[in-house]
Number of protein chains: 2
Amino acid sequence: MDTMNTAGNVCIKALRDEERVELLASARSLDFRAGELVVKKGTSVNDLYLLQQGAVELLLGDQPSKQSLMLLFPGEIIGVNCAYSTMNYRFSAKALTDSRVLVINYHIFSAYLERNSEFSMAFIRYISTVNERFLDWHMKLAEKNSAGALAFLLCEFEKSYGQSTFELPLNRSDIARVIGFSKESVLKNMAHLRNEGIVESTGKQVKILDFGRLHDIANHG
Amino acid sequence: MDTMNTAGNVCIKALRDEERVELLASARSLDFRAGELVVKKGTSVNDLYLLQQGAVELLLGDQPSKQSLMLLFPGEIIGVNCAYSTMNYRFSAKALTDSRVLVINYHIFSAYLERNSEFSMAFIRYISTVNERFLDWHMKLAEKNSAGALAFLLCEFEKSYGQSTFELPLNRSDIARVIGFSKESVLKNMAHLRNEGIVESTGKQVKILDFGRLHDIANHG
DNA sequence: CGGAAGGGGTGTAATTTTACACCTTCGGGA
DNA sequence: TCCCGAAGGTGTAAAATTACACCCCTTCCG
């Protein structure tokens, strides 16, 4: 959730001015409504998608119970860490909120990678950083029980928004998918947090009342 | 576990002949005994390690209950997908069996990335492929119960060794860490497989007797 | 305006897994 | 040669989580 200095934005800054101008001139923005697919698994990789606004969820499968890979926020290039493995996208990406995406032509982007070594090194560093944050995220979640995982997610959102009252870009089923527990687990744990006076929640609106205890649950779950 | 055409070996083939000769001339092989750390979390990134022989486990933490990231086999560059995120290694790597590693100087390697665009594109593709296989592995495991996860691991090893009798490079605690269940879960499930006549096992020696049923368990766990 | 669908929620029972205790065997080191 | 530690193993109980059933409310569409 920490978008500072590791975003796709930053690696694009490694382009030369004229390259950046050319890339942005050839790019176009697209808007997606909450719930729409931004990227569909199996489609061929013609474009890269830089998220400008909103929140997007990366999903592995296309089954009803799709597995959540990660949440993406403004500045990120969607699915960047696998974009060069095959010619087809191996995951889907769904807009969690209304979102705006900058569509960047893959071939133009690749041409810059081939001829601008500073840019390709910045891109390699960017991919490495995305991987590391992905591993951190999943491994932190993997070692927690359901209460800890939910608390951890709420703490991360509070940190990201920088305030204790915020609107989650996720419904309860989304939360369940992201942290890897059932919807009922999420609902029961959320009820427990409310009953204990740790949070207030009304649908997606969340207010954290006792940050210390939430952190304790997150750390020891 | 599929080492075909996605290994670090293959991306190194993208180097020009004289670059490859120079890289290999400056590299040296190191041997590690089973149980030794090949890479220790926190050490600075001066070298990359190409696994030539044996099996290595990538671990996230340095706690006693370290979390398993992935298993690595000959041809892989250890921890390649995060090697360019920071100046220190963010994970440890432990030799599961006696292993031989080619130690490649990071700065020489990076210099080739900067001046040989064909090589850097091959490297980007290699990292993407490593990421994708990592995601596939973890997401397949994540959706299985303990019986399914153990069966899946055994099936993958059978596929990798190409025969139904093989020696696991893992003891029961290692297996537990890799698939994310307790040691007793692994032991109980292994006993069940033996009692059902699906496998024979003596320590690390495993023989698969009923591949169809093992696959069924792997697929429906 | 009514019905359907989606989302939030609760309760109970079943299943899965861990925790804990303890055992046996084997290999290595003193 | 003996002892200790590591590894493989089993049993029982507790804890965690899911499965399932069902409810209520709100919003949207016909």
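Reminder, nothing fancy here: chain letters follow the sequence lines and each chain counts from 1. Just so it is clear, the values below take in all heavy atoms, side chains as well, and ignore hydrogens, waters and symmetry mates.
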Q: Looking only at N and O atoms, is any donor in the side chain of B:K188 or the base of D:dT12 less than 3.5 Å from an acceptor on the other one?
A: yes
Q: Can a cation-pi geometry be assigned to B:K144 and B:F152, taking NZ or CZ under 6.0 Å from the six-membered ring centre and within 45° of the ring axis?
A: yes
Q: Please pick, from D:dT18, C:dT17, D:dG9, the nucleotide with the shortest atom-to-atom distance to any side-chain atom of A:F181.
A: D:dT18
Q: Do the side chains of B:D174 and B:R177 get close enough for a salt bridge, i.e. N-O under 4.0 angstrom?
A: yes
Q: Side chain of B:N145: nearest nucleotide among C:dG9, D:dG8, C:dT17?
A: C:dT17
Q: Between B:A191 and A:G180, which is nearer to the 5' end of DNA chain D once each is assigned its nearest nucleotide?
A: B:A191
Q: Grab the CG-C1' distance between B:L141 and C:dT17 for me, whole Å please.
A: 16 Å
Q: In Å and rounded to the nearest 0.5 Å, what is the CG to SG distance from A:N219 to A:C155?
A: 7.5 Å
Q: Could you grab the distance from atom SG of A:C82 to atom CG of A:L69, nearest 0.5 Å is fine?
A: 8.0 Å
Q: Would you say C:dT18 has OP1 or OP2 under 4.0 Å from some side-chain N or O of B:S185?
A: yes
Q: Whole Å only: how far is the CZ atom of A:R194 from the P atom of C:dG8?
A: 11 Å
Q: In whole angstrom, what separates A:L96's CG from C:dG7's C1'?
A: 15 Å
Q: Report the distance from atom NZ of A:K144 to atom P of C:dT18, rounded to the nearest whole Å.
A: 17 Å
Q: Is there a side-chain contact between B:R172 and the phosphate of D:dA6, meaning an N or O under 4.0 Å from OP1 or OP2?
A: no
Q: Distance check: side-chain N/O of A:S146 vs OP1/OP2 of D:dA16, anything under 4.0 Å?
A: no
Q: If you only use heavy atoms from C-beta on, which nucleotide in C:dG8, D:dA7, D:dG9 is closest to the side chain of A:L187?
A: C:dG8
Q: Calculate the interatomic distance between B:L170 atom CG and D:dA7 atom C1'; express it in whole Å.
A: 14 Å
Q: Would you kindly give the CD-to-C1' distance between B:E167 and D:dA7, to the nearest whole Å?
A: 14 Å
Q: Using atom CE of A:M190 as one end and atom C1' of C:dT10 as the other, report the distance to the nearest whole Å.
A: 15 Å
Q: Could you grab the distance from atom CD1 of A:I127 to atom OG of B:S85, nearest 0.5 Å is fine?
A: 12.0 Å
Q: Once you round it to whole Å, what is the distance between P of D:dA6 and CD of B:E184?
A: 16 Å
